[in-house]
Amino acid sequence: MAVSDEQYEPQALQAKWQARWEELDPFRASEDADDERPRKYLLDMFAYPSGDLHMGHGEVFALADVVARYWFQRGYNVLHPVGWDSFGLPAENAAIKHNAHPAEWTYSNIETQAASFKRYAISFDWSRRLHTSDPEYYRWNQWLFNRFFERGLAYRKGGLVNWCPKDQTVLANEQVVAGRCERCGSEVVRRELTQWYFKITDYADRLLDDMAQLEGGWPDRVLAMQRNWIGRSEGADVRFEIEGRDEPVTVYTTRPDTLYGATFFVVAADAPLAEEICAPDRLEALEAYRAEVAKLSDIERLSTDKEKTGVFLGRHAVNPVNGERIPVWAADYVLSDYGHGAIMAVPAHDQRDLDFAMKFGLPVQVVVHTGLADPGETGVATSGEGKLVNSGPLDGLSKTEAISRIIEVLEERGTGAAAVNYRLRDWLLSRQRFWGTPIPITHCPDCGEVPVPDDQLPVTLPDMRGEALAPKGVSPLASATDWVNVDCPKCGGRALRDTDTMDTFVDSSWYYLRYCSPGLEDGPFDVEQVRRWGPIDQYVGGVEHAVLHLLYSRFFTKVLHDMGMVDFTEPFVRLLNQGQVINQGKAMSKSLGNGVDLGDQIEKFGVDAVRLTMVFAGPPEDDIDWANVSPAASQKFLARAFRVMVEAGAASAPGTDAAAGDLELRKVTHRTIDEVTRLVESHHFNVAIARMMELTSAARRAIDSGPGAADPAVREAAEALAVMLSLVAPYVAEEGWERLGHGPTIARAGWPVAEPALLVQESVTCVVQVAGKVRDRLEVAPTISGTELEGLALASEKVRAYLDGAPRKVIVRAPKLVNIVP
RNA sequence: GGGGUCGUAGCCCAACGGCAGGAGGCACAGGUUUUAGGUACCUGACAGUGUGGGUUCGAAUCCCACCGACCCCA
C-alpha cells in the first residue's frame, strides 16, 4: 500500500493559494467586444452586510460557484460579480445603539464579508464590486425614479397603508406576511397616510403573461406564487343604485351569474364609502363598530374562524337585474382595497356571505342548482357548478353561459360590464427611515411635486448619526432642517425636500444591470454592455424573494424595456432556489441555541470540506439539516482524492500519453467525465460528487492493486478528478494540480472531454423478464439486433422454465431488456 | 377552503416508464495495518419505494383517491 506521507492540511493550502489567486485574479470578465468567447452571466443574490457570512451564504455561494467555475472551465467569458445590498434598517438600528453613523457599521461588515468571500474562494470578478449605499450607486436609483415619475409610474396618494409599529415605517403589501412585518415579525397596523407608489399594477398582465418565458427555467412553485400574488380574476363590475344617494356604487364580483342570489350588500367598514352611504341615524352605530374593528389586528380580522361582525347602515341597494331592495351592511370581512371596497353578498354560494347571513338572519336565495342540500339549512355554501335557477333569463344555463349572458344584459342596460380584477397592489416605495435612497422630489407650495433635476443628482443623505436616527414615526430626514429647506428647482422659491427614503427593494431591482458597467458616470448602465451580457443566464438565491425582489426586478426590467434601455423583457432566464441550512430539524436561531457558525466550521474542516458538504448534502433546492451531514466525512474524501493526485503526480510526468494506460480505469474516467458534465449542467451536483467519489476509489484501486501509480491512466484519472473537483473544492484541487506538475491556475485548466470510444461498452447485461419478473441475465454486445436478442432470450433455459409453449408477446428493448408475456 | 412541492434502508440521498442483486455518503459491525486510540485500506448487514386503486408487456417514476409533511394564497 502506497500511502503518501503527505497530509492534507486545508488551512495551509488556503493560506498558500488565496494569496496566489489574489495575484492571478483569474475571474475577470472581459468587456472586449472583440472577445469571441461565448458569454455567461451568472449571479447570486447579493448579500446584506449583517455581520459576517453565515451558513446560508455558505450554501448559496458554494452552489452558484459550481456553475460559475464550470463555465469558466468550459472557456466561456463569464460575468460573476459581487456586491452588497447595503442600505437598510439593521445598520440604522446599530447606529442608534452605538451612537454611530450607519455607514460605519455597514462598511465594516462589508469588509468582513469581503474577506470571508475571498477565503471561501468564490470565483468573483472583484473589479465590479458595488455597494448600493454608495452615492455613485443610489444616484441612479434617483435617476430611475425621475424616469418613472415622468412616465406616471411613480406617484403619491393617500390611503390606508401597512404600518410596522416596531420599525416605525410603512411597508409594501409584499412585505406583510400573514399580517406581520416580513422583517421583524411585528403585527402590522393600518394607517391613513400619503405615500409614494410605483405603478406596478400597470404591468400586471405582462408580469403574468411573460411567465410563459420562464416556464422550465424557474421553479414551478415560484411561478405559482407570483401568479397567486398577482391574482388576476375575471368577472364583472355591477352598479347598484343606493336608495337616498345619487351616485350608484360599483361592486366587483367573480360570480356575476349569481346576481339574482344577492340578498344583501356589504361595504368594507374602514372604507370612506361606509360613512358616505350610512343613514344619519346609523352613523353612531357605524362609528362604534369601527372603533371595535380598529382594536383588532389584521391577523384576527383575516382569520376565517372569527365570528362575523357587522352593522346595518340603514340603507338599501337595488339589485340592477330584478329591482329587489337589499340591505346595506358594513363589515370587516370585506377588505377596503379589494375590488371597489364593497361586495354583493350571495350567501347561498359563498361561505363568508353565508356565515354573515346566518349570524344576522339575512335571507339565503339559492340560484345555482348543485344537487346539494340547501345552504340556508346546512350552513354550507355551495360553490360548485350547476344549472341556474330562480334567475329569470339565466334559468337553465350553466355557470359559464350565465356569466356571459348576464354580462350582456348588464352592458345593454348600462348597469355593468365585464371586468378584470387583480390582487396585486401598487408598490408602496416610500419609507420613514434614514438609511436608504432619498426620494429626489422637492415639494414646492407653488409648483407641487418637482423632481430634482438629473444634473443635480445625487441627493445625498445628510450627515446624521446616533440618537438623531431614532424612529419617531416620521423620517429622521425631516429633522435635518438645512437639508430639508431648499429652493424649488422650477420657480426658485422656498420649498422642502421629500424626507422619505426608498424601499431597499428599489436598489436590488436593477443592480444586475449595473454590474455590466459598474463605474459608469453618465447613466445607470451601459446599454451596449447590457445588450451583450443580459439577461442573466442563471440566478441563484432564496425562495423568500419569490414575490418580493423577483417580482419587483421583473417589473423594473419591463419598464426599462419600454424605455428602450434593455432589449429583453425578463431579467432571469433560469432561477435556482437553494434550500435553507437548518439544524436538528429547525431553523437556526439564537433562542433555540442551535446556531452553527460558518467561520467555525471552516476553522475545523477547511473551506473545501465545508463547500463540499453544502453541495453534496442533497439536491440544491432541499434544506440541509446540518445534523444530518458530515463535514468530517467530506474532509476525509478530499484527503483521499488529494493522495491520489499526489501519488500520481509523484509517479509520472505531465504530458504522458494516456492511450497507453490501463483500459479499465480509462473507461471509468471517461464515463465519469461524461456523467459529471451532464450532472453539473442539470444541477445534480450531489450526484456529480458521488461520481467523483467513485472515480477516486477506482484510481485508488488502480494504484494499490492494479497497474500502479505510474500508469498513464492513473495520471489521466487524477487530472480529470482535479479539474472536476475544482468546482467544489478549489484549494485541494489547485494543490493537486500543482503536484501533478501543472502551473496555476486550475480554474482555467479547461474542462476534460470524454472520448466517445471509451464510453462504448463491449458488452451490456440484458435483463430477460417473464411477465415483468427478471428470470435471466445475458451478456450481449451493445449493438445486438432486436431479433437476435429475442432469439437468445427465448433460447434461455432459465426463461423456458417459466414458459409453457409459445409466448403471447415479446417486448424487446435492445440491448438492455426483453420482456416475455406468456 | 384553493393552489403547489414532496413521502425509497436507522439517517441524508440515487435511479431516460425497463435489474431497487440501491450510485454515493453518514451511522453501525467485522477484518488488515498500528504499541493502543485514531488514520488508512478491505468486507458486511439493513429497505422493496406512505396506503389503496388504475393505465401499461412492465410503475418508485404516469393518472385518481386517501394518509402524512412542508410552502403559498384565502
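Naming: A, B, ... by sequence-line order, numbering from 1 per chain.
Comparing B/rA15, B/rC73, B/rC26 against the side chain of A/S630 picks out B/rC26 as the nearest. Considering only side-chain atoms of A/L817, the nucleotide from B/rG2, B/rG18, B/rA23 that sits closest is B/rG18. Distances were taken from every side-chain heavy atom of A/K636 (C-beta onward) to each of B/rC57, B/rC73, B/rU39; the shortest belongs to B/rU39. Picking from B/rC12, B/rA40, B/rC72 the nucleotide with the shortest atom distance to the side chain of A/N628 gives B/rC12. Here the nucleotide nearest the side chain of A/N686, chosen from B/rC42, B/rA14, B/rC11, is B/rA14. Comparing B/rA15, B/rC42, B/rC41 by their nearest atom to the side chain of A/R701 picks out B/rC42. The side chain of A/F616 has B/rG25 as its nearest neighbour among B/rA14, B/rG18, B/rG25. Nearest to the side chain of A/M225, among B/rC26, B/rC73, B/rC72, sits B/rC72. In this structure, of B/rG25, B/rC41, B/rA14, it is B/rA14 that holds the atom nearest to the side chain of A/V687. Comparing B/rG2, B/rC57, B/rC41 against the side chain of A/R813 picks out B/rC57 as the nearest.
Between B/rG18 and A/K816, no contact under 4.0 Å exists linking OP1 or OP2 to a side-chain N or O. Applying the 4.0 Å criterion to OP1 and OP2 of B/rC41, one finds that A/R640 has a side-chain N or O inside that range. Under 4.0 angstrom from either OP1 or OP2 of B/rC41 there lies at least one side-chain N or O belonging to A/R643.
Rounded to a whole angstrom, the distance from the P atom of B/rU49 to that of B/rU8 is 11 Å. For the C1' atom pair drawn from B/rA15 and B/rG24, the interatomic distance equals 12 Å after rounding to whole Å. Rounded to whole Å, the C1' atom of B/rA29 lies 38 Å from the corresponding atom of B/rG17. Comparing B/rC73 with B/rG10, their C1' atoms are spaced 38 Å from each other, to the whole Å.
As judged by a 4.0 angstrom heavy-atom cut-off over every strand, A/R691 is placed among the base-contacting residues. Nucleic acid contact class of A/Q351 (heavy atoms, under 4.0 Å, all strands): none. Across all strands, A/D622 comes closer than 4.0 Å only to sugar-phosphate atoms, never to a base (heavy-atom distances). Counting non-hydrogen atoms under 4.0 angstrom, A/R221 reaches the backbone sugars and phosphates but no base. Using a 4.0 Å heavy-atom distance criterion, A/P219 is classed as making no nucleic acid contact. Among the heavy atoms of the strands lying under 4.0 Å from A/T765 is at least one base atom, whether or not backbone atoms are also near. A/A224 comes within 4.0 angstrom of no nucleic acid atom, judged by non-hydrogen atoms across all strands. A/V821 comes within 4.0 angstrom of the backbone, heavy atoms only, and of no base.
Every residue meeting the side chain to side chain contact (heavy atoms under 4.5 Å, CB included) condition with A/V780, not counting sequence neighbours, appears here in chain and number order: A/V764, A/C766, A/L778, A/I784, A/L789, A/L792, A/P815.
Across all strands shown, B/rA20 forms no Watson-Crick or G-U wobble pair with both key distances under 3.5 Å.
Between the side chains of A/S233 and A/N421, no donor N or O sits under 3.5 Å from an acceptor N or O. Side-chain contact of A/Y70 with A/E681: a donor-acceptor pair under 3.5 Å is present, judged by distance alone.
A salt bridge links A/R700 and A/E647; the closest N-O separation between the charged side-chain nitrogens and carboxylate oxygens is under 4.0 Å. Ion pair A/E215/A/R227 flagged as a salt bridge, since at least one NZ, NE, NH1 or NH2 atom sits closer than 4.0 Å to an Asp/Glu carboxylate oxygen. Comment: A/D270 does not engage A/R190 in a salt bridge, judged by the lack of any side-chain N to carboxylate O separation of less than 4.0 angstrom.
In the interface, the side chain of A/N819 is paired with the base of B/rC57 through a donor and an acceptor atom under 3.5 Å apart.
Within 6.0 Å of NZ in A/K359 there are more than 12 heavy atoms belonging to other residues, nucleotides or ligands.
Annotated as anti: B/rG54, whose O4'-C1'-N torsion sits more than 90° from 0.
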